[in-house]
2 protein chains.
Amino acid sequence: MEDNGTTTGAPAAGTAEELPGGRARPKTGKSEQTRALILETAMRLFQERGYDKTTMRAIAQEAGVSVGNAYYYFESKEFLIQGFYDRMTYAHALDAAARMAGERDFDARLRIALESWLDCAAEYHEFAAQFFRTAADPDSSLSPFSNESHPARATAVELFRDVLSGSDLAPKLDAELAELLPELLWLHLMVVVLYWVFDRTPDTARTREFVRRSTPLVAKLISLSRYRVFRPMVRDAKSLIQDFILPTIGRTTATRSATPPAPPRPT
Amino acid sequence: MEDNGTTTGAPAAGTAEELPGGRARPKTGKSEQTRALILETAMRLFQERGYDKTTMRAIAQEAGVSVGNAYYYFESKEFLIQGFYDRMTYAHALDAAARMAGERDFDARLRIALESWLDCAAEYHEFAAQFFRTAADPDSSLSPFSNESHPARATAVELFRDVLSGSDLAPKLDAELAELLPELLWLHLMVVVLYWVFDRTPDTARTREFVRRSTPLVAKLISLSRYRVFRPMVRDAKSLIQDFILPTIGRTTATRSATPPAPPRPT
DNA sequence: ACCCGAGCTTGAACGTGTTCAGAAACAGGG
DNA sequence: CCCTGTTTCTGAACACGTTCAAGCTCGGGT
């Protein structure tokens with residue numbers, strides 16, 4: 001993050017493909033091919049050996065390129081994870097949407113969404129713990145709160161917006177709260193992820209049980225918030241969240257507008 | 001964590017000092033002196049240059065020993081942080097206790113305890129972020145949930161027990177909840193720490209404001225839990241916490257026993 | 001045909017955390 | 001005093017992530 005004034009023409013680690021000025025690229029996606037090859041190889045090795053035991057040299061050798069070449073396409077080893085991150089988020093969104101189709105009960109929808117995540121992430125559990133610490137670094141672009149992971153986060157938040165809006169609970173809530181909830185539910189997922197990462201029981205059974213037990217509570221809590229008695233408290237909580245929680249997560253959806261120009265980074 | 005069958009006689013990184021079998025050591029604490037020298041030097045450099053920019057070679061040179069010697073006393077660079085961790089927890093406990101003496105209002109006591117932490121940690125904010133990712137590794141002994149950091153955690157939990165028991169709120173709560181609350185409040189601190197680590201505002205002003213705004217809410221929530229209407233919900237929440245949250249934190253205090261067969265997995 | 005230059009690729013070299021075979025200091029016992 | 005075993009200490013060596021100056025490739029301008 002210090003010396004990016006000399007990078008000649010490295011295709012910024014995102015997947016920005018088509019440049020706005022029409023075609024200036026030669027012709028084939030040869031470059032993209034190499035990039036994909038490296039990413040694919042890396043993810044395979046990560047899964048086979050774990051993150052720490054997969055060296056950049058091994059990735060390069062296995063992919064049939066040089067170490068330097070890997071660094072031409074990926075700023076660092078961490079950035080190779082971003083691919084995995086995006087991919088899994090997308091798979092999760094699809095799987096969850098399919099699974100909760102038809103279900104109207106909010107509690108059930110929420111549970112399905114979380115369990116779907118656990119299923120999608122299951123095969124990565126072992127090496128997830130290893131790169132979790134990387135994601136915990138506030139300076140890393142891999143932090144779930146960072147701007148760089150905005151696209152993946154936005155996708156996930158959108159999923160939870162769907163969880164709510166497709167449920168029979170949605171019409172009963174006041175608009176303001178409904179606007180906040182998707183991101184709060186995403187935070188709930190983050191808590192589950194935290195739990196999951198530390199979970200060492202076989203098949204992460206404990207986390208699964210945790211989800212089964214915690215979602216009804218969340219559902220009931222939200223459901224209760226409608227009643228007049230809680231008005232003052234809900235109001236306080238809402239403003240706390242709006243002022244102190246959401247801003248630190250980075251803009252995901254345009255609650256109003258005035259959003260700064262969302263970086264044109266398609267996933 | 002793989003090959004600790006060959007360590008000859010390295011004084012285990014903990015602070016185990018006096019061996020139970022009377023004196024078997026030569027005479028002076030020469031060894032301890034070296035250990036302390038290395039630790040002291042490391043912490044000074046960490047504070048001066050930050051964690052990442054402080055190399056083991058620099059620590060060794062500055063302390064006037066060899067690199068290998070540092071590794072004789074500390075299993076890894078991470079372990080040098082444990083000292084800081086313990087020290088700060090202790091300082092916090094003292095400072096907070098002193099500051100809230102005389103205050104009976106629960107909200108105020110809680111706020112004081114948290115603000116005291118922010119003050120104690122202030123000078124380390126810069127490099128705290130750097131080693132935060134280390135603490136996030138579930139396999140690391142530096143994780144706040146690990147068994148190795150049990151002593152520091154127990155001290156902190158004890159502080160929050162005092163926050164509650166010294167307040168006018170304590171007598172009004174049912175015993176079971178009162179038993180759970182100290183660890184929950186500690187979790188609250190962990191959330192504040194998470195917020196703090198990501199906070200980039202000058203003097204972490206944002207976190208301070210977050211504390212001022214969130215503690216009244218927590219206090220009110222706890223206070224409300226007494227009323228009959230919430231009985232079922234509080235009961236559910238309590239059992240969820242007891243079964244799924246506290247066991248993953250590691251035993252700090254023997255709440256009772258009879259805890260469900262928590263898998264005997266000492267990490 | 002020539003070469004220009006940007007995109008792409010290389011591998012040696014740097015600085016890092018960590019390890020290891022042994023040297024040095026030290027404490028008794030003969 | 002020398003031998004022996006333990007504790008303490010040493011610094012070269014290792015494997016890793018990362019950088020960099022230089023080379024290669026190839027389409028297009030002249």
Side-chain angles (χ1 to χ4, degrees), chain A residues 1-13 17 19 21 23-38 42 45-46 49-61 63-81 130-131 134 140, chain B residues 1-13 19 23-38 42 45-46 49-61 63-81 130-131 134 140:
Chain A
M1 291 295 181
E2 287 185 15
D3 60 334
N4 46 357
T6 50
T7 37
T8 50
E17 180 67 344
L19 19 165
R23 100 193 50 137
R25 288 287 174 73
K27 44 178 173 182
T28 71
K30 173 77 181 310
S31 167
E32 283 307 319
Q33 226 169 301
T34 311
R35 187 178 201 279
L37 172 65
I38 294 171
L45 293 186
F46 284 162
R49 317 178 183 178
Y51 181 70
D52 287 334
K53 292 197 174 176
T54 302
T55 73
M56 289 301 282
R57 285 167 176 82
I59 294 172
Q61 181 168 0
V65 300
S66 70
V67 235
N69 204 6
Y71 278 93
Y72 178 73
Y73 287 101
F74 297 93
E75 205 170 297
S76 74
K77 193 181 175 187
E78 295 181 9
F79 274 73
L80 283 165
I81 303 179
Q130 289 182 316
F131 83 83
T134 296
S140 165
Chain B
M1 288 296 183
E2 287 186 13
D3 60 334
N4 49 354
T6 49
T7 37
T8 50
L19 18 165
R23 99 191 54 136
R25 289 288 172 72
K27 42 179 173 182
T28 72
K30 172 76 180 310
S31 168
E32 284 306 319
Q33 227 169 301
T34 310
R35 187 177 201 280
L37 172 64
I38 294 171
L45 292 187
F46 284 163
R49 317 177 183 178
Y51 181 71
D52 286 334
K53 293 197 174 176
T54 302
T55 73
M56 289 300 282
R57 284 166 178 83
I59 294 172
Q61 181 169 1
V65 300
S66 69
V67 231
N69 203 7
Y71 277 93
Y72 178 72
Y73 288 102
F74 298 93
E75 206 170 297
S76 74
K77 193 182 175 188
E78 295 181 9
F79 274 73
L80 283 166
I81 304 178
Q130 291 181 314
F131 82 84
T134 297
S140 165

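Proteins get letters first, then strands, A, B, ... in listed order; numbering begins at 1 in each.
Atom OH in A:Y51 sits about 14 Å away from atom P in D:dC16, given to the nearest Å. In this entry the distance linking CD of B:E75 with P of C:dG17 reads 16 Å, nearest Å. We find that CZ of A:R35 is positioned 13 Å from P of C:dT9, with the value rounded to whole Å. Following rounding to the nearest Å, A:E78 (CD) and D:dG17 (P) show an atom-to-atom distance of 12 Å. Computed from coordinates, the B:Y72 OH to D:dT8 C1' distance equals 5 Å when rounded to whole Å. Atom pair A:I59:CD1 and D:dG17:P shows a separation of 8 Å (rounding to whole Å applied). Rounded to whole Å, the distance from CG on B:L37 to P on D:dT8 is 15 Å. The separation between A:F74 atom CZ and D:dT18 atom P is 13 Å, rounded to whole Å.
The CD1 atom of B:I38 sits 6.0 Å away from atom CZ of B:F74, with the distance rounded to the nearest 0.5 Å. Rounding to the nearest 0.5 angstrom, the gap separating the CZ atom in B:R35 from the CG atom in B:L37 is 12.0 Å. Within the model, atoms OG of B:S31 and OH of B:Y72 stand 6.5 Å from one another, a figure rounded to the nearest 0.5 Å.
Between B:S31 and D:dT8 there is a side-chain polar atom (N or O) within less than 4.0 angstrom of OP1 or OP2. A close approach under 4.0 Å does not occur between any side-chain nitrogen or oxygen of A:T55 and OP1 or OP2 of D:dA15. Residue A:S66 places no side-chain N or O under 4.0 Å from the OP1 or OP2 atom of C:dT9.
Comparing C:dG11, C:dT9, C:dT18 by their nearest atom to the side chain of A:K30 picks out C:dT9. Among the nucleotides D:dG11, C:dT9, D:dT18, the one closest to the side chain of A:N69 is C:dT9. Checking D:dT19, D:dC14, D:dT10 against the side-chain heavy atoms of B:R57 singles out D:dC14 as nearest. With D:dT18, D:dT8, C:dT9 as the candidates, the nucleotide lying closest to the side chain of A:Y71 is D:dT18. Closest approach to the B:Y73 side chain among D:dC9, C:dT18, D:dT19 is made by D:dC9 (side chain taken as heavy atoms from C-beta onward). Closest to the side chain of B:T34, from the set D:dC9, C:dG7, D:dG17, is D:dC9.
Screening B:L80, B:V67, B:V65 against B:I59 for a side chain to side chain contact (heavy atoms under 4.5 Å, CB included) leaves a single residue, B:L80.
A:V65 comes within contact range of the sugar-phosphate backbone alone, with a heavy-atom separation under 4.0 Å but no base atom that close.
Closest non-hydrogen pair, A:Y51 versus A:K77, comes out as O-NZ, 3.0 Å.
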